[in-house]
Amino acid sequence: ARADDVDGTKPEALAFRVMPLDPRARALLDQFAATGMPQLHEMSVPAAREMINQMLAMQAEPPAVARVENRTIPGPQGDVPIRVYTPEGKAPFPLLVFFHGGGWVIGNLESHDAVCRSLARAVPAVVVAVDYRLAPEHKFPAAAEDCYAATRWVAEHAAAVGGEAARIAVGGDSAGGNLSAVVSLMARDRGGPRLVHQLLVYPATDAHMDAPSIHENAEGYFLTRDGMVWFWNHYLNGPADRANPYASPLRAADLRGLPPATVITAEFDPLRDEGERYAARLRQAGVPVEMKRYDGIIHGFFGMSAVLPQAEEAVEQAAAALRKSFAR
């Protein structure tokens, strides 16, 4: 893996592959192809959700933590389920509010259970995973509002979950990275809560999908351009939502005053450039940013530690960045 010095142009200006596709990633893609399953954008929403459940059944035993608790908290339109992961050690711990990926359409507390456990152990921190409402049943801004409400609840009830209100970060992957960026914007715009970090793992940041990598990696690398169109179309109410910064944070007029960020991208990912563009804009706005592109790797790798060693490296990078922000 290589850390890029984000200056707004360098990563996207690369007109060649730095590394070939990692052979372990290629083997994984070949395994998916051998199943004969249809492409995501060819599936119904229920079928896509069932596919995720089938993939979960193949996962290894998740890492152990001291305690896991399921509960519900008040949301803007009814209760929101959360799962609280408490690491070994003595409270109070810092807090990470985690939003799962899945294009705002699929994914749940189970799909990212191992990732949340890994982060809770690696930081260590109390991780609060949020089971926000999914599209198309609940379109934009339902997911974002649920995630913001959950973050406020965590800030107001930090002690009740063994955490410290002065040390709260948000984080997530893909759509969850989008929601982490959006909640950071909402917290700034709405007067709190104060966040000390935003962990953005290959985030979706722009519904216009006009970056070179969306075409360069359009198909063949797990997440496809057609898949992203499918996700965005289910999530948004119509074309006008594409410019809303709470859907497309890259379109926000002003990124000043946001918490320090860690942005993780993958070379063979349609979302690579929009994540790196967002990192560059944050830095230009005076926000401290650590950005790292993992070469030779595909979208989704952060949760693939059983087959891709880069996942463990990325989790430790994320944990180190969180520890640094929590220590300030």
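Counting from 1, the numbers follow the sequence of the chain as shown.
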Exercise. Are Asp273 and Glu276 close enough, and set up right, to give a side chain to side chain contact (heavy atoms under 4.5 Å, CB included), and what steps lead you there?
Worked result: CA-CA 5 Å; Asp273 290 347; Glu276 293 176 2; 4.2 Å; yes

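- To the nearest 0.5 angstrom, Arg323 atom CZ is 4.5 Å from Glu316 atom CD.
- Val126 and Ile73 end up in the same hydrophobic cluster when Ile, Leu, Val, Met, Phe, Trp and Tyr side chains are linked at under 4.5 Å.
- Counting non-hydrogen atoms of other residues, nucleotides and ligands closer than 6.0 Å to CD of Glu69 gives a total above 12.
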Exercise. Given the rule in the side chain to side chain contact (heavy atoms under 4.5 Å, CB included) test, do Leu29 and Leu21 qualify, once you have shown the distances and angles that lead to the verdict?
Worked result: CA-CA 11 Å; Leu29 292 171; Leu21 185 64; 3.8 Å; yes

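- Between Ser248 and Trp232 the shortest heavy-atom distance is OG-CH2, 4.5 Å.
- Between Ile298 and Leu223 the shortest side-chain heavy-atom distance does not fall below 4.5 Å.
- For the 3.5 Å distance criterion, the side chains of Tyr235 and Asn178 fail to qualify, holding no donor opposite an acceptor.
- Counting heavy atoms of neighbouring residues, nucleotides and ligands inside a 6.0 Å radius, atom NZ of Lys324 does not exceed 12 of them.
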Can you give each donor-acceptor pair under 3.5 Å made by side-chain atoms of residues 179-186, sequence neighbours left out, with the distance rounded to 0.1 Å?
residue: Ser180; atom: OG; partner: Gly171; partner atom: N; Å: 3.4
residue: Ser180; atom: OG; partner: Gly171; partner atom: O; Å: 3.2
residue: Ser180; atom: OG; partner: Gly172; partner atom: N; Å: 3.2
residue: Ser180; atom: OG; partner: Gly176; partner atom: O; Å: 2.8
residue: Ser184; atom: OG; partner: Ser180; partner atom: O; Å: 2.9
residue: Ser184; atom: OG; partner: Gln198; partner atom: OE1; Å: 3.4

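- Heavy-atom minimum distance, Pro270 versus Ser213: O-OG, 2.8 Å.
- Residues Ser174 and Leu271 come closest through the heavy atom pair OG-CD1, 4.0 Å.
- Side-chain atoms of His112 and Asp173 include a donor-acceptor pair closer than 3.5 Å.
- Residues Gln317 and Glu290 bring a donor and an acceptor atom of their side chains to less than 3.5 Å of each other.
- Listed for the Thr205 side chain is no donor-acceptor partner under 3.5 Å among the backbone atoms of Pro249.
- For Gln310 and Asp22, the side-chain atoms include at least one donor-acceptor pair closer than 3.5 Å.
- Below 30°, between 30° and 60°, or above 60°: for His100 and Tyr132 the angle between ring planes is below 30°, a parallel geometry.
- A chain of hydrophobic side-chain contacts below 4.5 Å, direct or via other Ile, Leu, Val, Met, Phe, Trp or Tyr residues, connects Val287 to Leu322.
- How far CG of Asp269 is from OH of Tyr294: 14.0 Å, rounded to the nearest 0.5 Å.
- A salt bridge is defined here as a Lys NZ or Arg NE, NH1 or NH2 lying under 4.0 Å from an Asp or Glu carboxylate O, and Glu110 with Arg83 meets this definition.
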Problem set entry | His299 vs Met228, side chain to side chain contact (heavy atoms under 4.5 Å, CB included): CA-CA, chis, key distance, verdict | CA-CA 12 Å; His299 186 88; Met228 281 307 303; over 6 Å; no

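- With no hydrogens or angles considered, a side-chain donor-acceptor pair links Asp113 and Tyr85 at under 3.5 Å.
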Problem set entry | Stepwise side chain to side chain contact (heavy atoms under 4.5 Å, CB included) check, Arg117 with Val68 | CA-CA 9 Å; Arg117 288 168 177 266; Val68 178; 3.7 Å; yes

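- Between Leu119 and Val315, the closest side-chain pair of non-hydrogen atoms falls below 4.5 Å.
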Which pairs would a plain distance check flag for residues 141-163, meaning a side-chain donor or acceptor within less than 3.5 Å of a matching protein atom at least two apart in sequence or in another chain?
residue: Glu145; atom: OE1; partner: Arg190; partner atom: NH1; Å: 3.0
residue: Glu145; atom: OE2; partner: Arg190; partner atom: NH2; Å: 2.9
residue: Asp146; atom: OD1; partner: Arg133; partner atom: NE; Å: 3.2
residue: Asp146; atom: OD1; partner: Arg133; partner atom: NH2; Å: 2.9
residue: Asp146; atom: OD2; partner: Arg133; partner atom: N; Å: 3.0
residue: Asp146; atom: OD2; partner: Arg133; partner atom: NE; Å: 2.9
residue: Tyr148; atom: OH; partner: Arg152; partner atom: NH1; Å: 3.4
residue: Tyr148; atom: OH; partner: Gly192; partner atom: O; Å: 2.7
residue: Thr151; atom: OG1; partner: Cys147; partner atom: O; Å: 2.8
residue: Arg152; atom: NH2; partner: Glu156; partner atom: OE2; Å: 3.4
residue: Trp153; atom: NE1; partner: His157; partner atom: ND1; Å: 3.3
residue: His157; atom: ND1; partner: Trp153; partner atom: O; Å: 3.0

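- Between Glu216 and Arg272, the closest side-chain pair of non-hydrogen atoms falls below 4.5 Å.
- Of all heavy-atom pairs spanning Asp131 and Val80, the tightest one is O-CG1, 3.9 Å.
- Separation of the Phe32 and Phe222 ring centroids falls under the 6.0 Å cut-off.
- Of all heavy-atom pairs spanning Ala25 and Gly296, the tightest one is CB-O, 4.4 Å.
- Here the CZ-CD distance, from Arg256 to Gln284, works out to 13.0 Å after rounding to the nearest 0.5 Å.
- Using a 4.0 Å cut-off between a side-chain N of Lys or Arg and a carboxylate O of Asp or Glu, Arg277 and Asp210 qualify as a salt bridge.
- Using a 4.5 Å heavy-atom threshold, the side chains of Val229 and His41 count as separate.
- At a threshold of 4.5 Å between non-hydrogen side-chain atoms, the residues Phe140 and Asn244 count as touching.
- Here the side chains of Ile297 and Tyr202 are not in contact, with every heavy-atom distance at 4.5 Å or above.
- In this structure, Tyr278 and Pro203 have side chains that are not in contact, with every pair of non-hydrogen atoms separated by 4.5 Å or more.
- Counting only heavy atoms from C-beta outward, the side chains of Leu40 and Thr224 never approach each other to under 4.5 Å.
- Between Val307 and Leu28, the closest heavy-atom pair is CG2-CD2, 4.2 Å.
- The line from OG1 of Thr262 to CE of Met291 is 11.5 Å long, rounded to the nearest 0.5 Å.
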